[in-house]
Amino acid sequence: MRNHSSVTTFIILGLTNDPQLEIVVFIFLFITYLFSVLGNLTIIVLIFIDSHLKSAMYFFLQNFSFLELSITTSCVPTYLHIILSGDKTISVKACFIQFFCIVLFGATDFFLLAVMSYDRYVAICKPLHYVTIMNRRVCRNLIICCWVSGLLVIFLPLVLTLNLEFCGSVINHYFCDASPLLKNSCSDTWMIEQLVVVSAVLIFITTLVGVAVSYTCIIRMILRLPSVQQRKKAFSTCSSHMIVVSISYSGAIFTYIKASAKDEVDINKVVSLLTVSIAPLLNPFIYTLRNKQVKQSFHDTLKRFALLSKKPLD
């Protein structure tokens with residue numbers, strides 16, 4: 001990073017300056033983060049150890065849980081430490097690492113949601129060819145494409161941001177996001193702001209088109225099914241993904257598209273909670289509570305651990 005300014009640290013203002021309200025924020029973020037970690041790690045481990053959860057859908061779900069866990073871990077623990085210690089400073093290097101991680105994981109997350117919608121399309125519209133089409137090699141390549149696409153889309157604005165000169169040191173946010181970083185720069189940020197908008201719109205539109213096309217085909221196929229029971233069963237296989245997509249895209253409208261405008265920082269501080277704290281908490285429960293196979297795997301795993309724990313006592 002080329003740094004011509006004297007700024008070596010940033011000050012994270014956080015969500016509030018009220019000490020009493022800060023305690024409430026700490027408790028809320030700590031609880032949501034704890035359950036996010038437990039929920040997403042449970043899904044990752046279950047899919048890894050259970051031979052019944054080896055289809056493409058669960059492979060993508062495992063990677064999705066990893067991304068959700070990574071997004072919330074990139075910023076929440078740092079802010080919890082800031083509240084607990086009272087030290088609101090963060091080094092420029094640490095700030096940019098956090099910024100890079102959040103943007104990369106967030107972008108990859110949306111590409112993965114589009115891939116997961118395609119997986120649901122194949123499962124419902126081409127069930128007899130599902131195993132052949134969504135084989136291990138195809139799934140692995142799709143995951144690699146999600147990561148590469150996320151990196152390519154954010155690469156140019158990220159590199160340009162790294163070369164900015166900074167005159168200010170106050171981050172009016174609870175993590176290092178694009179908008180508060182640009183606000184601290186004494187360089188001309190117009191080009192970067194436009195690139196951030198283009199990148200956000202590109203990610204949003206391309207993935208949304210993929211999701212929309214997949215679900216248009218899915219809905220048309222479901223409506224052709226002869227019985228109500230068949231339609232309900234087909235719909236239930238993609239209902240969890242539809243809920244997660246709705247949560248993710250509603251948050252993205254504010255967090256990613258409006259984040260490039262410097263006047264929207266205060267709004268995005270609150271709305272971004274949906275992306276980095278609430279969504280990673282809800283998503284594993286949405287999938288597990290609506291998926292009988294995952295619930296059964298969880299109960300079976302608990303029984304095996306219970307039996308193992310009793311053996312030494314016998």
Side-chain angles (χ1 to χ4, degrees), residues 1-5 7-15 29 33 67-82 87-111 147 149-187 189-204 251-252 254-262 264-277 279-280:
M1 181 177 66
R2 192 184 71 210
N3 185 10
H4 299 296
S5 64
V7 175
T8 57
T9 59
F10 290 119
I11 299 171
I12 304 290
L13 292 185
L15 290 168
L29 288 177
Y33 178 69
L67 281 171
E68 293 294 281
L69 182 60
S70 300
I71 289 171
T72 190
T73 301
S74 296
C75 59
V76 174
T78 302
Y79 185 49
L80 290 176
H81 172 73
I82 286 172
D87 182 9
K88 296 188 175 185
T89 60
I90 182 172
S91 68
V92 172
K93 183 178 179 180
C95 188
F96 274 106
I97 290 172
Q98 186 185 64
F99 171 56
F100 170 76
C101 290
I102 292 169
V103 174
L104 176 61
F105 295 144
T108 307
D109 205 26
F110 280 95
F111 285 110
W147 283 93
S149 299
L151 184 60
L152 289 176
V153 171
I154 69 169
F155 181 75
L156 184 57
L158 180 67
V159 169
L160 292 176
T161 304
L162 288 172
N163 286 278
L164 288 175
E165 297 177 20
F166 293 97
C167 301
S169 60
V170 177
I171 301 291
N172 188 16
H173 215 304
Y174 60 99
F175 61 87
C176 296
D177 202 10
S179 183
L181 273 174
L182 295 178
K183 199 171 184 179
N184 280 289
S185 176
C186 48
S187 305
T189 61
W190 182 87
M191 178 61 73
I192 298 176
E193 286 187 41
Q194 304 313 305
L195 284 171
V196 170
V197 172
V198 170
S199 299
V201 171
L202 184 62
I203 294 168
F204 187 82
F254 293 95
T255 306
Y256 290 105
I257 294 179
K258 286 190 175 182
S260 60
K262 293 182 179 180
E264 303 294 336
V265 175
D266 292 331
I267 298 173
N268 287 327
K269 280 203 294 185
V270 179
V271 177
S272 61
L273 281 173
L274 179 66
T275 304
V276 302
S277 181

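The first residue in the sequence is number 1, and the count goes up from there.
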Would you please name every residue forming a side-chain hydrogen bond (donor to acceptor under 3.5 Å, both in side chains) with [X], sequence neighbours left out?
X	value
Ser277	Thr32
Ser91	none
Thr73	Tyr33
Tyr79	none

Closest non-hydrogen atom pair, [X] against [Y]:
X	Y	value
Val153	Pro157	O-CD, 3.9 Å
Lys88	Leu13	NZ-O, 3.7 Å
Tyr174	Leu273	OH-N, 3.3 Å
Ile171	Leu181	CD1-CD2, 3.9 Å

As an exercise, state the distance from [atom1] of [X] to [atom2] of [Y], rounded to the nearest 0.5 Å.
X	Y	atom1	atom2	answer
Leu67	Thr108	CG	OG1	6.0 Å
Ile82	Thr89	CD1	OG1	7.5 Å
Asp177	Gln98	CG	CD	9.0 Å
Leu156	Thr161	CG	OG1	9.0 Å
Leu164	Leu160	CG	CG	7.5 Å
Glu165	Cys186	CD	SG	5.0 Å

Could you list the donor-acceptor pairs under 3.5 angstrom formed by side chains in residues 100-107, with sequence neighbours left out?
none

Between Phe99 and Phe96, how do the two ring planes meet: parallel, tilted or perpendicular, split at 30° and 60°? perpendicular
Thr72 side-chain N/O to Val276 backbone N/O, donor-acceptor pair under 3.5 Å: yes
Under 3.5 Å, is there a donor-acceptor pair between the side chain of Ser199 and the main chain of Ile154? no
With side chain to side chain contact (heavy atoms under 4.5 Å, CB included) as the criterion, how do Val7 and Asn184 come out once you've worked through the C-alpha distance, each side chain's angles and the decisive distance to 0.1 Å? CA-CA 10 Å; Val7 175; Asn184 280 289; over 6 Å; no
I'd like to check Pro180 versus Phe10 (side-chain heavy atoms, cut-off strictly below 4.5 Å). Are they in contact? no
Does the side chain to side chain contact (heavy atoms under 4.5 Å, CB included) test come out yes or no for Phe111 and Ile203, once each step is laid out? CA-CA 8 Å; Phe111 285 110; Ile203 294 168; 4.2 Å; yes
By side-chain contact (heavy atoms from CB on, under 4.5 Å), which residues pair with Val159, not counting sequence neighbours? Phe155, Asn163
Residues two or more places apart in sequence or in another chain: which of them pass disulfide (SG to SG under 2.5 Å) with Cys176?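 With neighbours one apart ignored, the set is Cys95.
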